[in-house]
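Worth saying up front: this structure is predicted, and the values here are computed from it rather than measured. When a ligand or atom number is given, it counts from 1 through the structure's own listing order.
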Amino acid sequence: MRSLGEELARLEQAQLRRRRLTVESFVSAGNRARLRVAGRELVDFSSNDYLGLARHPALAQAMAASAAVAGAGSAASHLVSGHGFEHEKLEEELAAFTGREQALLFTSGYAANLAVMTSLAGRGERALLDRLSHASLIDGARLSGAQVKRYVHGDAEAAQRMLAADGEAAAILATDGVFSMDGDLAPLPRLARVAAAHGAWLVVDDAHGLGVLGATGGGSLEHFGLDARAAPVLVGTLGKAFGSFGAFVAGDSQLVEFLIQKARSYIYTTALPQPVAAATRAALALARAEGWRRARVHELTARFRAGALAAGVPLTDSPTPIQPVPLRSAAAAVAAQARLEAAGFLVVAIRPPTVPPGGARLRVTLCATHTEAQVDALVEQLALACAPTREVHP
Ligand SMILES: *Cc1c(COP(=O)(O)O)cnc(C)c1O
């Protein structure tokens with residue numbers, strides 16, 4: 001038996017032990033990016049609530065109305081008696097939103113990615129993934145039994161070379177649309193060509209692109225002008241820009257039917273509660289009707305970048321509301337988080353194994369509900385919090 005105490009002590013020593021914060025309450029209805037943690041009021045720059053919908057009253061109202069008629073829980077899996085009216089309507093609306101024949105709801109993005117990877121790849125095949133793909137894509141690929149290959153981040157030519165090399169048939173080329181810890185976009189047009197040339201499914205996990213990118217919030221595929229033929233398997237999550245919970249896979253009817261029959265993470269789990277689906281429908285309607293939310297988050301992102309560059313805060317090239325501040329060492333990232341917290345900002349340090357060794361960072365995320373003053377104040381504090389680190393690591 002391994003010593004759990006020793007392993008935990010090692011994590012502590014390396015500044016890699018994770019700690020949960022408890023959000024005690026949210027401060028004032030009008031300013032939804034503020035929360036109370038350990039008795040302190042913090043402006044939250046760590047959530048994925050890009051459009052500011054998670055605490056929108058319309059979602060809570062939709063949830064309450066649905067709970068009043070459907071109850072809190074769905075009480076069974078989708079294939080038994082748990083599939084309800086709200087699920088059905090939401091799937092139709094998600095299919096229309098993504099311009100695909102059908103959409104299939106999942107209880108989480110994690111479950112959706114396991115479903116796609118294990119159903120479309122298997123023994124005797126290869127699954128290729130970007131080196132920085134989300135953990136759920138990697139876990140799904142491993143679980144599929146396929147030979148898992150990871151290509152250099154964002155390098156479609158590297159993927160092409162791997163596929164061209166001798167080996168087993170290629171089943172899947174999978175990537176995040178927007179990388180969750182880096183905020184950059186995958187080279188989707190080139191990846192689509194590579195996948196098509198080798199007869200592999202292109203799987204795009206657009207957890208951080210949907211609702212945020214593209215003229216109508218259609219995500220990174222809309223951003224690049226790619227249709228369902230170029231990217232036949234689209235995974236979207238509902239707990240980020242849509243402020244709700246759950247996930248979906250969108251594609252043609254055959255793909256969805258195949259997942260319903262084969263995907264263990266779809267079949268052997270209780271259906272998402274209907275009130276959650278009802279809240280997501282409200283969120284989708286708001287995201288479509290209130291284009292200003294998308295415009296606003298991009299405006300604040302530009303403001304943050306301009307301010308940070310002027311103040312000497314290290315940045316990457318990310319064009320999305322995910323703005324990593326690279327600090328390399330876990331200790332530096334943890335120290336910067338603590339300094340920001342003391343100044344009233346919640347910006348959580350991201351450390352290995354979520355990012356590669358030496359890749360510790362603060363992951364700043366902008367939301368439509370932030371104010372200019374909050375963004376400017378964060379930049380000012382970041383400049384202070386990052387300054388000592390820059391001297392240590394010139
Ligand atoms: C968050 C995330 C997931 C997981 O989605 P959940 O609904 O939170 O399980 C999958 N892929 C990416 C890229 C993500 O960022």
Check: Leu132 and Asp184 side chains under 4.5 Å, non-hydrogen atoms: no

Atom 6 (P) of ligand 1: the protein heavy-atom neighbour that sits closest, reported with distance to 0.1 Å: Gly109 N, 3.2 Å

Atoms in ligand 1 flagged as close to Ser180, the criterion being non-hydrogen separation under 4.0 Å: 15 (O)

Centroid separation Tyr266 to Phe106 less than 6.0 Å: yes

Derivation of the side-chain contact (heavy atoms from CB on, under 4.5 Å) call for Leu42 and Arg36: CA-CA 6 Å; Leu42 300 175; Arg36 202 181 302 277; over 6 Å; no

Aromatic contact, His153 with Phe179 (centres under 6.0 Å): yes

Test log, rule side chain to side chain donor-acceptor pair (under 3.5 Å), inputs Gln323 and Thr365: CA-CA 6 Å; Gln323 292 292 321; Thr365 48; over 6 Å; no

Atoms of ligand 1, numbered as shown, that sit under 4.0 Å from any heavy atom of Asn113: 10 (C), 11 (N)

Contact check: His208 vs ligand 1, nitrogen or oxygen atoms, below 3.5 angstrom: yes

Heavy atom of the protein closest to atom 1 (C) of ligand 1 (residue, atom name, distance): Lys240 NZ, 1.4 Å

Aromatic plane relationship, Phe45 with His370 - under 30° parallel, 30 to 60° tilted, over 60° perpendicular: parallel

Sub-4.0 Å heavy-atom approach of Gly239 to ligand 1: no

Residue portion contacting ligand 1 (non-hydrogen atoms closer than 4.0 Å) for Val235: neither

Heavy-atom check, side chain of Val148 versus side chain of Leu129, under 4.5 Å: yes

Nearest neighbour in protein (non-hydrogen) for atom 11 (N) of ligand 1: Asp205 OD2, 2.5 Å

Ala247 and ligand 1 - part of the residue with a heavy-atom distance under 4.0 Å: neither

Within-4.5 Å side-chain heavy-atom neighbours: Ser74 and Leu272: no

Sub-4.0 Å atoms of ligand 1 with respect to non-hydrogen atoms of Thr237: 5 (O)

Within-cut-off N or O pair, Asp176 and ligand 1, under 3.5 Å: no

